[in-house]
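Quick caveat, the model's predicted, so the values are computed rather than measured.
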Amino acid sequence: MATLSEIRALLGESRFHWSDPAPWISLEQELGIEFPADFREIIDAYGSIVINGQLYLKHPAGHLLHDLGTMLRRDLDLWREEDMAEFLPGPAGSNPGDVLPVATATTGEAVFLRVPEEPAAPWRVVVQEMDSPSWTLYEMTFGEWLLAYLRGRDVTLCARDRAPDGPSYEFLP
């Protein structure tokens with residue numbers, strides 16, 4: 001399993017260091033799920049950021065201009081529309097087997113977490129390419145997927161051409 005220390009080694013030291021669980025608890029209660037621990041740990045460490053000018057990650061703290069809850073509600077509405085739902089491997093939502101939009105990319109991809117069918121099953125990553133009807137299921141946790149992205153592996157999004165000097169991030173305004 002990917003660790004935050006491996007991500008920090010590639011992306012750089014985190015500077016957000018959120019420790020209040022209240023925004024997560026509120027969003028999880030609203031959705032009826034509990035986000036995977038690695039996803040929460042990464043987002044709590046870095047906050048709302050853009051990686052390599054491409055991949056947008058957002059924290060659930062509501063005081064932020066770019067927060068996860070607002071993005072999730074908007075994107076769930078979009079992906080539940082009849083003409084968009086056909087581009088996903090299952091319904092957009094927070095029920096078992098659904099896909100939950102958690103990140104976006106400037107290159108048109110949407111990153112989802114697939115809600116496990118069974119409580120003990122791992123969460124998986126699904127990436128949908130907006131410019132085509134294709135999607136890819138990655139049999140890895142969010143942390144593993146992000147680590148592969150940061151290492152320049154092709155996980156639908158690819159950092160090689162976006163980060164010739166290595167991965168970097170900026171806080172979202």
Side-chain angles (χ1 to χ4, degrees), residues 1-2 7 10-11 24 27-28 30-43 46-60 64-118 121-163 167-170 172:
M1 184 167 163
I7 290 167
L10 289 168
L11 189 56
W24 287 108
L27 186 56
E28 290 172 342
E30 177 184 336
L31 296 169
I33 55 108
E34 187 173 316
F35 284 97
D38 69 326
F39 179 73
R40 283 180 62 156
E41 182 180 39
I42 293 162
I43 301 302
Y46 285 94
S48 292
I49 60 171
V50 59
I51 299 174
N52 300 331
Q54 179 184 33
L55 178 62
Y56 288 84
L57 302 179
K58 297 179 180 173
H59 191 275
L64 298 171
L65 181 58
H66 299 278
D67 72 280
L68 181 62
T70 301
M71 183 209 77
L72 245 167
R73 287 181 211 88
R74 182 195 69 227
D75 287 359
L76 280 172
D77 286 344
L78 169 77
W79 289 106
R80 287 175 173 156
E81 291 178 14
E82 188 176 332
D83 58 340
M84 295 301 288
E86 66 183 279
F87 296 114
L88 297 175
S94 57
N95 294 315
D98 287 359
V99 291
L100 194 61
V102 296
T104 58
T106 58
T107 46
E109 296 84 3
V111 180
F112 297 82
L113 291 175
R114 179 172 238 161
V115 182
E117 296 279 351
E118 304 292 327
W123 289 70
R124 295 300 184 212
V125 175
V126 172
V127 181
Q128 198 285 331
E129 296 182 67
M130 192 62 108
D131 59 349
S132 74
S134 70
W135 54 267
T136 305
L137 171 66
Y138 291 94
E139 294 289 338
M140 49 181 68
T141 66
F142 181 80
E144 291 166 339
W145 179 87
L146 182 60
L147 193 56
Y149 167 77
L150 294 173
R151 288 178 173 156
R153 297 198 178 111
D154 186 355
V155 284
T156 308
L157 271 72
C158 190
R160 282 189 301 269
D161 61 334
R162 299 228 166 230
S168 64
Y169 73 96
E170 296 176 18
L172 292 174

Side chain to side chain donor-acceptor pair (under 3.5 Å), that's the test. Do Thr106 and Gln54 meet it? Break it down for me. CA-CA 5 Å; Thr106 58; Gln54 179 184 33; 5.5 Å; no
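- In the displayed structure, Glu81 atom CD is contacted under 6.0 Å by more than 12 heavy atoms of other residues, nucleotides or ligands.
- In this structure, the separation between CG on Asp38 and CD1 on Ile7 is 7.5 Å, given to the nearest 0.5 Å.
- For the ring pair (Phe, Tyr, Trp, His ring centres under 6.0 Å) test, residues two or more places apart in sequence or in another chain that qualify with Phe35 are Trp24, Phe39.
- The structure places CG of Leu10 at 12.0 Å from OG of Ser168, a figure rounded to the nearest 0.5 Å.
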Just do the side chain to side chain donor-acceptor pair (under 3.5 Å) check on Glu109 and Thr156 with the steps written out, would you? CA-CA 8 Å; Glu109 296 84 3; Thr156 308; over 6 Å; no
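- Judged by distance alone, the side chain of Asp75 and the main-chain N or O of Pro101 form no donor-acceptor pair under 3.5 Å.
- When atom types are taken as modelled, the side chain of Asp67 and the backbone of Thr70 share a donor-acceptor pair closer than 3.5 angstrom.
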May I have the step-by-step check of side-chain contact (heavy atoms from CB on, under 4.5 Å) for Tyr138 and Val126, ending in yes or no? CA-CA 6 Å; Tyr138 291 94; Val126 172; over 6 Å; no
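- Residues Pro122 and Arg124 approach most closely at CG-NH2, 3.2 Å, considering heavy atoms.
- For Ile42 against Gly143, the heavy-atom pair with the smallest separation is CD1-CA, 3.7 Å.
- Considering Thr107, Leu157, Val50 as possible partners of Leu55, the one that fulfils the side chain to side chain contact (heavy atoms under 4.5 Å, CB included) test is Leu157.
- Enclosure of atom CD in Glu118 is not indicated, since only 12 or fewer non-hydrogen atoms of other residues, nucleotides or ligands lie within 6.0 angstrom.
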If you apply the rule side-chain contact (heavy atoms from CB on, under 4.5 Å), what do you find for Tyr46 with Tyr169, and how did you get there? CA-CA 9 Å; Tyr46 285 94; Tyr169 73 96; 3.4 Å; yes
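- Taking the side chain as every heavy atom from C-beta outward, Ile49 and Ile51 approach each other to under 4.5 Å.
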Verdict with supporting geometry, Leu100 and Leu72, side-chain contact (heavy atoms from CB on, under 4.5 Å): CA-CA 8 Å; Leu100 194 61; Leu72 245 167; 3.5 Å; yes
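- Across all non-hydrogen atoms, the minimal contact from Ala148 to Val155 is CB-CG1, 3.8 Å.
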Under the criterion salt bridge (Lys or Arg N to Asp or Glu O under 4.0 Å), I'd like the reasoning laid out for Arg40 against Glu34: C-alpha separation, chi angles, the key distance, then a yes or no. CA-CA 10 Å; Arg40 283 180 62 156; Glu34 187 173 316; 5.2 Å; no
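- Here the closest heavy-atom approach between residue His66 and residue Leu172 is recorded as CD2-CB, 3.6 Å.
- When ring centroids are compared, Phe112 and Trp79 come within the 6.0 Å threshold.
- Looking at Arg153, its side chain never comes within 3.5 Å of a backbone N or O of Tyr149 through a donor-acceptor pair.
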